[in-house]
Each structure stands twice: as C-alpha cells, then as structure tokens.
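Reminder, nothing fancy here: chain letters follow the sequence lines and each chain counts from 1. Since this is a predicted model, take the numbers as computed values, not measurements.
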There are 2 protein chains.
Amino acid sequence: MTAVARPGPRDRLLAAARDLTYRHGVSVGVDAILKEAEVARRSLYQHFGGKDELVAEVLRTSAAVDERRYADGLDSGGDEPRARLLALFDRLGEFTGREGFHGCRYIAAHSSLTSPEHPAYAEIIGHKDRVLAMLRAELDAMGHPGPEGAAIRLQFLVDAILVEEAVRPGLGAAAIARPLVEAVLDAQ
Amino acid sequence: MTAVARPGPRDRLLAAARDLTYRHGVSVGVDAILKEAEVARRSLYQHFGGKDELVAEVLRTSAAVDERRYADGLDSGGDEPRARLLALFDRLGEFTGREGFHGCRYIAAHSSLTSPEHPAYAEIIGHKDRVLAMLRAELDAMGHPGPEGAAIRLQFLVDAILVEEAVRPGLGAAAIARPLVEAVLDAQ
DNA sequence: CTAACGATAGACCGACCGGTCTATCTGCTG
DNA sequence: CAGCAGATAGACCGGTCGGTCTATCGTTAG
C-alpha cells in the first residue's frame, strides 16, 4: 500500500512556501521554508534556482487556486450574470471571515517586492488582470452599459474587502460593501 | 545669518526614515537610514531606543501630516459636507497621481509587521480610526441616514484608491471610484 | 551486484541585520 | 579657559540572510 505516498521535495517546498509566505510575508527566510518542508537546502536550488523563483512559483500556483475560487464563487450564483457577481461577493465574505485569513497575498507581495524586476512581480499583475477579466466577462454578459469602468470598480471593492478585513478582523467587510456592489451593477 | 540651520540628528533621522521606509518599506536597514540622515549610529539608539521605535515615530508623525492633508482636502470643498467629501476624493486623486506616490504607507506597514506587538502597529490602527472619524463627522453633519456604514464604505474607497493606484500607476483610481463615492453619499 | 541518480544533512561562505561599544571631536556654558 | 554634553566615526558583536559546497544515504535501472 502506497496510499500515504509523501509528495516529492518540489511539492513539499511549494506547499511550505505557500503557507509561510502567506503567514509571514515573502520576506520569510529560506531556512524556515526548508525546515517546514523537511527538504534539503540543495533541493530548493536544484528545483527552483533560488528563493525569488520559488516565491514566483508560489504566487503562480496560488493564483491558479484563487482564480478557481473566484470562478466557483461565480458559479455558485447560477447562470444569471448579476446573481453570479453578487454570489461572488457573498463567497468572498465567507472566505475573508474564515480563520486563517489575514489579507491578500498578492497585494502584500506587491508592497514587499522592491523592484518590478522580481520574477514574482509579473505573477501579481497577471493575477489581477485575470480577475479583472473575469469580472468584465460577467458585466459584458449582463449587458452592463459601462463594463470596463464597472469591472475596475468591482475589483476596487474586492481588494478593499481583502485589505480592510485584514486590518480590522471581524469587520464583515463584504457585507458592508454589498450596497456598493449593487450600485456598480445597477448603474445606468 | 543662521538661515540654513541644519536640523538636529533626531529630525534628520525622522526625515530620512520617513522617506526610506516609504520607498523601500519598513524593512529597510538602519545602515541605509543612518547614511541618508548623515547621523551617527549611536544617535539613533540614544533618541529612539531602537529601530522599531523609530519606525513607530515615523508612522506617528506621518499620520499627523496625512490627517492634516485629509482635513485640508475637506476644507477645499467649502462648508457643505457633501461637497467637502467629494472635494476630499478629488484631492486624493491629485495626490495619488503625483510622482513619488506609490501606495499607502500604513497598509504596507500593516502587511509587513509580523506581530501586533510592534510599537508601530497601534499607530496604523490609530491613523485609520482617526480618518474614519473624520469621514463619519462629515456624514453626520450632512444628516446621512446611515453614517456609520457609509463612513466605512468611504474608507473602503479611499484605501482602494491608494492600493490600486499603487498597483497600476496612472490608472486614475480616484476618478473611477467617483460614482461609488456619490452612491455612498446619496444612499437612502 | 553495481552504477547512477535524486535526495539528504549539514558545514561553510560573504554579506547584512539590529544593536553595543570606545574614542574623538565640536560647541556651548560657566 | 575649563569642563561637559551631545554628536561623530567606526570597530565590533552574535545572529541571520541567500547561496554553494561536500559527503552520505536510498532507490532504482541495467
């Protein structure tokens, strides 16, 4: 029985780095990541080349997970675009209320990374672009009169919820923002 | 003529730290701050006790400046509360469009500081509380039906503008958010 | 069996971290 | 002038940073 097959060093590194960089920021040390992953120092540099590339890969894989979460949130609202977008914000409220949530990984990384040359930088921008495109697609589908501006406004609200709930845990940012979401959707 | 009187080491340290922690984050090294301030290493520990206290003092004095800027922004709108709040967001748009702007110092610090025990942490929360109170006072004055929620929503928009303009320089976040500001103010 | 490969532990590197120290210099006050 | 307080430069400390190294172990393929 190989049922409990332990993931390889690469996956353990990614998992540990995903956890630790979220909890302590991307400035967390490689030693802590190696210890958490129970992986040899050499394996990190063998698989990723360096810490920066590991961080970039963490953001890349996290972005895929998070974008999938957004897609699921939309789908939880059914077929009608307006209901889908409202459902997305409901799911966001649930997500930001969960224990362990303490902010947006990408926004935090953006303010931590000192230069746009960092390989993780492009992942941050790419993630935000893709989320924006998802919002835009729903607005297009519902025939919103100004889908471009509205999509940006919805992303403002998403990010505001993520930031404020981190700064003031338990605030219930998503519920507070609800009327603004409706204002965006119902704008003439 | 003592016209060019150089500020003392304490003020030079504060100015250098204010600049460098904004540009590079609070994780900037003390060596860089000392060099920029042209101050002896010993003076830092004599005046502030340590880096953490220096950072806290930087946030404290920066908060006073920024809150004054918000107050001036309100005043630029005249006497009528609604006009004052709209003017605040106009001034915010000008401010975030200026060269050298690259995000909100307090939000960045919040995601960098690892623990709420850090002396700077209270300054962050205090600043956000005071800005919220300023918004709330205007909403009260204009007889807004739901001033508490509306104040939080306005702060969401302020923070969203600060964050998004940092992530996407040149976006014009304040102008994009304008309809949402009006939606908050005109809510029944 | 053996050769090869991937992973392991851990020593080691130079650089930098925040913080303490001594010694020297400068400018004000009595 | 003497003396003192505050500022200076810079050596120094232990610890940690990201990254490279050697040597050993375990598995697997030939």
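By the side-chain hydrogen bond (donor to acceptor under 3.5 Å, both in side chains) test, A:Y45 pairs with no residue at all, sequence neighbours left out. Annotation: side-chain hydrogen bond (donor to acceptor under 3.5 Å, both in side chains) contacts of B:D52 (sequence neighbours excluded): B:H118. Applying the salt bridge (Lys or Arg N to Asp or Glu O under 4.0 Å) criterion to A:R12, with sequence neighbours excluded, gives no partner residue. Qualifying side-chain hydrogen bond (donor to acceptor under 3.5 Å, both in side chains) partners for B:R68, counting only residues two or more places apart in sequence or in other chains: B:D72. Residues passing the side-chain contact (heavy atoms from CB on, under 4.5 Å) test with A:A122, sequence neighbours excluded: none. Legend: residues meeting side-chain hydrogen bond (donor to acceptor under 3.5 Å, both in side chains) with B:E94, ordered by chain and number and at least two apart, are B:R91.
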Can you give me the N/O atom pairs linking the protein to nucleotides 3-7 of chain D at distances under 3.5 Å, or say none if there are none?
residue	atom	partner	partner atom	Å
D:dA7	OP2	B:H47	NE2	3.4

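In the hydrophobic clustering (ILVMFWY side chains linked at under 4.5 Å, chained through shared members), B:F156 is joined by A:L171, A:I176, B:L132, B:I152.
Near-neighbour residues of DNA chain D inside residues 20-30 of chain A, defined by a heavy atom below 4.0 Å, number-ordered: A:V28, A:G29, A:V30.
Residues in residues 161-185 of chain A take part in these salt bridge (Lys or Arg N to Asp or Glu O under 4.0 Å) pairs, two or more places apart or across chains: A:D90-A:R178, A:E164-B:K128, A:R168-B:D129, A:R178-A:E182. Within the structure, the side-chain hydrogen bond (donor to acceptor under 3.5 Å, both in side chains) test picks out the following pairs touching residues 27-37 of chain B (sequence neighbours left out): B:D31-B:R41.
Interface limits on DNA chain C: the 5'-most and 3'-most nucleotides within less than 4.0 Å of chain A heavy atoms are C:dA7 to C:dA11.
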